[in-house]
> 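Below is one structure. I have some questions about it.
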Amino acid sequence: DTLPYDVASIEYDESICSYDSATRKLTCNKKVEITKDNKDTILNTQIEVIVKYNKLTSTTDLEVKNIVDSKLVYGDKSALDNDDVIDTIKSSKVTAIYVDEDNHTLASSEVTTGLIDNEYTTNEKTIYGYTLKEVPANKNGVYTEEEIIVKYVYTKNDGTVTENEVVKTGPKNVTSIDDTFNYTLTYKGEITDYEGTAKLTLVDRLPYELDDNSTYEGCTYNAQDKTLTCEREFTISENNTKVEASFALSLKFKNIDSDKITNKVESKLEYGKNTSEGKDETETEVFKGTVIVRYLDEDKKEIAPEVSNTGL
């Protein structure tokens with residue numbers, strides 16, 4: 001019996017058989033005495049052999065062909081014959097999937113195939129913005145008749161804000177309460193180790209109500225609260241961690257009654273379940289003017305004390 005592969009173990013009747021591992025041949029010899037009474041049955045011989053092959057591998061079903069040759073010697077004559085048997089070792093599949101806690105796919109699955117009872121191994125993946133929740137119990141094992149699913153579940157990271165700065169710039173001074181106040185709201189931020197949406201909200205708290213001639217593209221004005229709210233959303237990923245925005249405001253105020261105008265802005269950056277805040281302010285001086293009244297006769301002589309008045 002010529003075996004097709006090296007064997008890890010083999011069991012047979014050692015009283016009549018021997019195995020040569022170099023040639024992978026199992027040879028069995030049996031001598032019998034043929035008589036008139038037993039000639040019909042004496043040559044009926046069955047030898048049981050149990051073989052375990054050594055490290056058979058295949059990604060598809062594997063056919064194992066086993067060939068046996070026989071030689072019957074009687075007197076000075078002999079008879080030859082041969083036969084073969086084909087056994088099929090089935091293959092199976094293991095699929096590793098990578099999902100978040102809501103079962104949403106985070107990365108492409110990995111599929112391996114192998115012979116049933118052979119060992120398989122799967123591996124976790126490094127996924128930006130996520131941390132492996134736990135190692136699945138069936139990460140490693142053996143292929144079975146049923147397809148095996150190995151599920152790697154990841155928890156979404158909170159992320160880290162490494163930069164969070166809001167700045168409001170405006171004129172140092174204006175010459176009139178009717179002038180236009182040109183401001184710029186600028187935000188610079190960065191979120192690392194996070195994957196998902198981030199929402200930036202800037203609230204500009206105004207000192208006075210706005211005139212209808214004001215412009216503030218990208219922002220919403222609330223006259224009751226005297227606020228401008230500017231919003232923008234960002235998609236954060238490994239290759240896009242920056243949160244940057246700028247809003248230009250051209251404002252005209254109503255009923256200015258002070259020469260010092262302080263304008264404040266607040267920022268709120270929301271990402272996942274987290275919030276990061278900041279603030280800034282700017283001050284503008286409105287120049288004052290003075291009116292002097294003099295009382296003179298026709299010869300330009302003072303007839304009463306002069307009166308002066310200073311205002312915006």
Side-chain angles (χ1 to χ4, degrees), residues 161-191 197-236 240 242-271 275-312:
V161 174
T162 58
E163 184 179 7
N164 179 44
E165 181 184 32
V166 61
V167 176
K168 182 169 186 176
T169 56
K172 294 294 183 183
N173 50 66
V174 294
T175 59
S176 168
I177 60 175
D178 295 325
D179 280 355
T180 298
F181 293 71
N182 293 310
Y183 297 105
T184 301
L185 306 181
T186 303
Y187 180 85
K188 289 185 178 182
E190 183 174 19
I191 307 173
T197 301
K199 180 181 178 181
L200 173 65
T201 303
L202 302 182
V203 178
D204 192 9
R205 301 196 177 278
L206 308 172
Y208 301 100
E209 288 187 40
L210 292 182
D211 184 274
D212 291 339
N213 293 319
S214 299
T215 59
Y216 36 83
E217 185 176 353
C219 304
T220 302
Y221 176 54
N222 185 312
Q224 182 176 354
D225 296 336
K226 296 197 292 291
T227 58
L228 283 171
T229 301
C230 313
E231 295 180 337
R232 192 167 293 176
E233 287 194 353
F234 301 82
T235 299
I236 305 301
N240 184 31
K242 298 291 186 179
V243 179
E244 297 180 345
S246 182
F247 300 90
L249 314 176
S250 294
L251 309 181
K252 283 182 173 290
F253 294 113
K254 295 180 180 180
N255 305 318
I256 295 177
D257 59 2
S258 174
D259 64 331
K260 301 291 186 182
I261 298 179
T262 302
N263 210 318
K264 300 179 179 180
V265 63
E266 300 169 354
S267 68
K268 178 188 289 186
L269 181 61
E270 300 171 274
Y271 55 102
T275 299
S276 184
E277 298 180 344
K279 59 184 178 180
D280 191 28
E281 65 180 49
T282 185
E283 185 177 84
T284 301
E285 180 182 2
V286 181
F287 287 156
K288 294 180 180 181
T290 301
V291 176
I292 300 175
V293 181
R294 291 179 177 173
Y295 302 91
L296 307 175
D297 63 14
E298 291 179 331
D299 295 328
K300 297 184 179 181
K301 292 182 178 180
E302 185 177 290
I303 59 177
E306 68 179 33
V307 177
S308 66
N309 187 23
T310 301
L312 302 176

> Please lay out, stage by stage, how Glu231 and Thr229 fare under the test side chain to side chain contact (heavy atoms under 4.5 Å, CB included).
CA-CA 7 Å; Glu231 295 180 337; Thr229 301; 4.1 Å; yes
> Verify the neighbour count for atom CD of Glu302: are there more than 12 heavy atoms of other residues, nucleotides or ligands below 6.0 Å?
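Check passes, neighbour count above 12.
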> Hey, is the main chain of Lys301 close enough, under 3.5 Å, to the side chain of Asp299 for a donor-acceptor pair?
no
> Between Ile236 and Ala198, which heavy-atom pair has the shortest distance, and what is it?
CG1-CB, 3.9 Å
> For Tyr187, run the side-chain contact (heavy atoms from CB on, under 4.5 Å) check against Val167, Thr201, Asn164, Val265 and tell me which one passes.
Asn164
> From Arg205 CZ over to Lys264 NZ, what is the distance, rounded to the nearest 0.5 angstrom?
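Nearest 0.5 Å value for the CZ-NZ distance: 9.5 Å.
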> Can you tell if the side chain of Phe234 reaches within under 4.5 Å of the side chain of Ile191, non-hydrogen atoms only?
no
> Check whether Ser250 reaches the backbone of Thr215 with its side chain - one donor and one acceptor, N or O, closer than 3.5 Å.
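Not a single qualifying donor-acceptor pair exists.
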> What distance do Thr169 atom OG1 and Leu185 atom CG have between them, rounded to the nearest 0.5 Å?
8.0 Å
> Might you point out which heavy atoms bring Lys226 and Glu209 nearest each other, and give the distance in Å?
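In this case the closest contact between Lys226 and Glu209 is CD-N, 3.5 Å.
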> Take Leu228 and Tyr183, measure what side chain to side chain contact (heavy atoms under 4.5 Å, CB included) needs, and give me the verdict at the end.
CA-CA 12 Å; Leu228 283 171; Tyr183 297 105; over 6 Å; no
> Kindly write out the residues that satisfy side chain to side chain donor-acceptor pair (under 3.5 Å) with Asn240, not counting sequence neighbours, or none if the list is empty.
none
> Taking atom NZ of Lys252 as the centre, report whether more than 12 heavy atoms of other residues, nucleotides or ligands fall under 6.0 Å from it.
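Atom NZ in Lys252 is crowded, with more than 12 foreign heavy atoms closer than 6.0 Å.
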> Rounded to the nearest 0.5 Å, how far does OG of Ser276 lie from NZ of Lys268?
11.5 Å
> Going from CG on Leu269 to CG on Leu202, what distance comes out if it is rounded to the nearest 0.5 angstrom?
10.0 Å
> Can you tell me how far the CZ atom of Phe247 sits from the SG atom of Cys230, to the nearest 0.5 Å?
5.0 Å
> Kindly give the heavy-atom pair with the smallest separation between Ser267 and Lys279, and that separation in Å.
OG-N, 4.5 Å
> Closest approach of Asp280 and Lys168, non-hydrogen atoms and distance?
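Minimum heavy-atom separation between Asp280 and Lys168: OD2-N, 2.9 Å.
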> Do you know the tightest heavy-atom contact between Leu249 and Tyr216?
CD2-CB, 3.7 Å
> Looking at NZ of Lys254 and CG of Leu206, how far apart are the two atoms once the value is rounded to the nearest 0.5 Å?
12.5 Å
> Side-chain donor-acceptor pair under 3.5 Å between Glu190 and Thr162, yes or no?
yes
> Quick one, Ser246 and Thr184 - any side-chain contact, counting heavy atoms below 4.5 Å?
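Ser246 reaches Thr184 side chain to side chain.
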> Start with the C-alpha distance between Phe253 and Leu210, add both sets of side-chain angles, then the distance that settles side chain to side chain contact (heavy atoms under 4.5 Å, CB included), and finish with yes or no.
CA-CA 5 Å; Phe253 294 113; Leu210 292 182; 3.6 Å; yes
